[in-house]
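In this chain, residues are counted from 1 in sequence order. Given the structure is predicted, the values throughout are model-derived calculations rather than measurements.
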Amino acid sequence: MAAITTSKKRKRELDDTQRVSFALSDQPATQLGPVLANFPSVKPTKSTSFKCYKTQTQKPTMDDEEMPFVEMPMVIAGETEAVDFYSSEETRRGSVGSRYLVGVHNKRTGITTLRAAPLHILTHEVKALKGLKPAAVSTLQRLEARAALGETFGTKKAKLAIRAQERNKVDVSAMEGVAGHLQESIFKNTSTLPSKGLFEAKANADSTRLIPQYDIDALNPSDIYPLHNVIPKPEWKALSISAYMDAGGSAERVALLPFKRSNWINDHLTLAFASPSPNKTTVKMLICISTMIAFHKATFKDINKDVIQQRLPMVPSVVIDGLLSRFTETARGSMEARRTSEKGTMLLTHMFALCLHVDDFATDTSVLAADLSMEPLKVNMLFKSLGCKINKLTPSDLKRLGLPDSAGDVKRAILKTPLEFPKPRMRRRT
């Protein structure tokens, strides 16, 4: 076993001139000091001079105290004959979480004085290229460059995808000879599609429907038939509900209605006033519907404005004039108004549009049919002309409307978006 030897050399102790001690600079923090500059790419020559520029007005951090030099927002800039150097946007991010100090060593005293210094990461710009704009690159050039990179550095899977894409390219020049055959084939296959005339006929049919003015692009059922497309604003404002709000009970309110024998209206009026704060819009719509039913009954045969006004004393004259102008016609050479089948249908569809608003667009048509002494099938057809579907309510609809589960057994006229009118029945060819 080798013997362990120890060195008998005498360690030389450091004298006072070789000892190093550190001290912080006693200069004010606001005084200008050194700056650390980092050049990641192009480095300037040692003879290149740089200057500091403030980027914004200095703001004091506390009362009567200036901002320290390290925290002062500034830009370092310099230039040579060919290149400009200046602080980049990475400067602020490069100093986050770090603090840089510059030390100056005094050999005589052996003290290294440390002072905080800001870090600036400098970028460069070639002067000769400042006025040049980058050349436009087409999509084809990008694809070609991308394919070249993929072929050189891509994985095996990426190279297979590039080759498959090149195989799927269509050679336009090779298609010139078959273009005529393709056009002929397309013409044959599309000859049975609806022509422009059919689309125009459909648009004409939509515009002549015996229903209120509608919005085919509405996103909510309430926007399909806006309220004032059903009853004009002057007539709406002329109707007053103050007497109904002041009435002592249901019997008094029913006595104020233009038509008093409608179970549908009476039930909805009672339901509206069951709330501590009745919905005034709903109450006024019920009065409008009652007025339309009374007008429908009063104009069944002879139409006389004075007689109608006597039968409906609570209805303002402006409302009666509006109903007469919109839902009756005057024959040429005659002064007598009459209600044609088209005008009668228009009156009913306007009335049913208001019923949909009151019922949150799910109306029980059987009760209305009984009030109007009409067949339920005919009433359902009129609701279908408004774009409704006659179906039972789903559990989610019952929950939304606040109806009991038993109400799901009754079919209702339901209006939903997008608006779809019933398609005309096609006759079978014999």
Side-chain angles (χ1 to χ4, degrees), residues 14-139 141-154:
L14 297 175
D15 56 7
D16 293 339
T17 60
Q18 292 176 325
R19 296 181 183 274
V20 178
S21 59
F22 296 92
L24 294 176
S25 174
D26 57 357
Q27 294 180 344
T30 57
Q31 183 174 339
L32 298 181
V35 175
L36 287 175
N38 182 16
F39 299 89
S41 54
V42 179
K43 295 183 180 180
T45 59
K46 294 183 178 180
S47 61
T48 306
S49 61
F50 288 86
K51 294 183 179 180
C52 296
Y53 300 93
K54 289 183 181 179
T55 57
Q56 63 182 24
T57 305
Q58 181 177 343
K59 295 182 180 179
T61 56
M62 296 178 62
D63 296 339
D64 299 330
E65 184 179 351
E66 294 182 351
M67 182 180 294
F69 174 72
V70 178
E71 301 176 5
M72 188 180 299
M74 68 178 73
V75 172
I76 305 299
E79 63 175 336
T80 64
E81 294 182 357
V83 182
D84 285 337
F85 296 92
Y86 53 88
S87 301
S88 67
E89 296 179 357
E90 295 293 329
T91 297
R92 186 174 297 275
R93 290 193 288 268
S95 301
V96 175
S98 302
R99 186 181 178 189
Y100 297 91
L101 300 173
V102 174
V104 178
H105 180 67
N106 190 333
K107 293 183 178 180
R108 184 176 56 83
T109 60
I111 299 175
T112 301
T113 305
L114 301 177
R115 169 159 180 167
L119 172 67
H120 283 258
I121 301 175
L122 275 72
T123 185
H124 69 281
E125 184 178 10
V126 179
K127 293 182 178 180
L129 301 178
K130 280 187 177 180
L132 297 179
K133 295 182 179 180
V137 181
S138 64
T139 305
Q141 289 175 327
R142 283 198 187 93
L143 292 175
E144 290 177 350
R146 185 176 179 182
L149 286 173
E151 288 288 351
T152 306
F153 303 104

- Query: Can you tell me how far CD of Glu71 sits from OG1 of Thr30, rounded to the nearest 0.5 angstrom?
  - Reply: 11.5 Å

- Heavy-atom side-chain proximity of Pro40 to Ile121 below 4.5 angstrom: yes

- Query: Considering only heavy atoms from C-beta outward, does the side chain of Pro118 approach that of Phe69 to under 4.5 Å?
  - Reply: yes

- Check whether any side-chain heavy atom of Val35 lies under 4.5 Å from a side-chain heavy atom of Phe50, and answer yes or no. no

- Task: Measure the shortest side-chain to side-chain distance between Pro44 and His124 over non-hydrogen atoms and say whether it is less than 4.5 angstrom.
- Result: no

- Query: Could you give the distance from CG (Asp84) to CG (Leu122), rounded to the nearest 0.5 Å?
  - Reply: 11.5 Å

- Message: Using 30° and 60° as the class boundaries, would you call the ring planes of Phe85 and Phe39 parallel, tilted or perpendicular?
- Response: perpendicular

- Query: So how far is it from Ile76 CD1 to Asn38 CG, rounded to the nearest 0.5 Å?
  - Reply: 13.0 Å

- Go through the steps for His105 and Thr112 under the test side chain to side chain contact (heavy atoms under 4.5 Å, CB included), then give the verdict. CA-CA 4 Å; His105 180 67; Thr112 301; 2.9 Å; yes

- Under 4.5 Å between any side-chain heavy atoms of Ile111 and Phe22, yes or no? no

- Message: So, taking the atom named CD in Glu79 and the one named NZ in Lys51, what distance separates them when rounded to the nearest 0.5 Å?
- Response: 9.5 Å

- Message: Would you say that Asn106 contacts Thr113 through its side chain, given a criterion of any heavy-atom pair below 4.5 Å between the two side chains?
- Response: no

- Message: Ignoring hydrogens, what is the shortest heavy-atom contact between Met67 and Pro73? Give both atom names and the distance.
- Response: SD-CD, 3.6 Å

- Message: Is it the case that atom NZ in Lys43 sees more than 12 heavy atoms from other parts of the structure closer than 6.0 Å?
- Response: no

- Message: Please find the pair of heavy atoms, one from His120 and one from Ser87, that lie closest to each other, and give the distance.
- Response: ND1-OG, 3.0 Å

- From CZ (Arg115) to CG (Leu24), nearest 0.5 Å: 11.5 Å

- Query: Do any N or O atoms from the side chain of Lys54 and from the backbone of Met72 form a donor-acceptor pair under 3.5 angstrom?
  - Reply: no

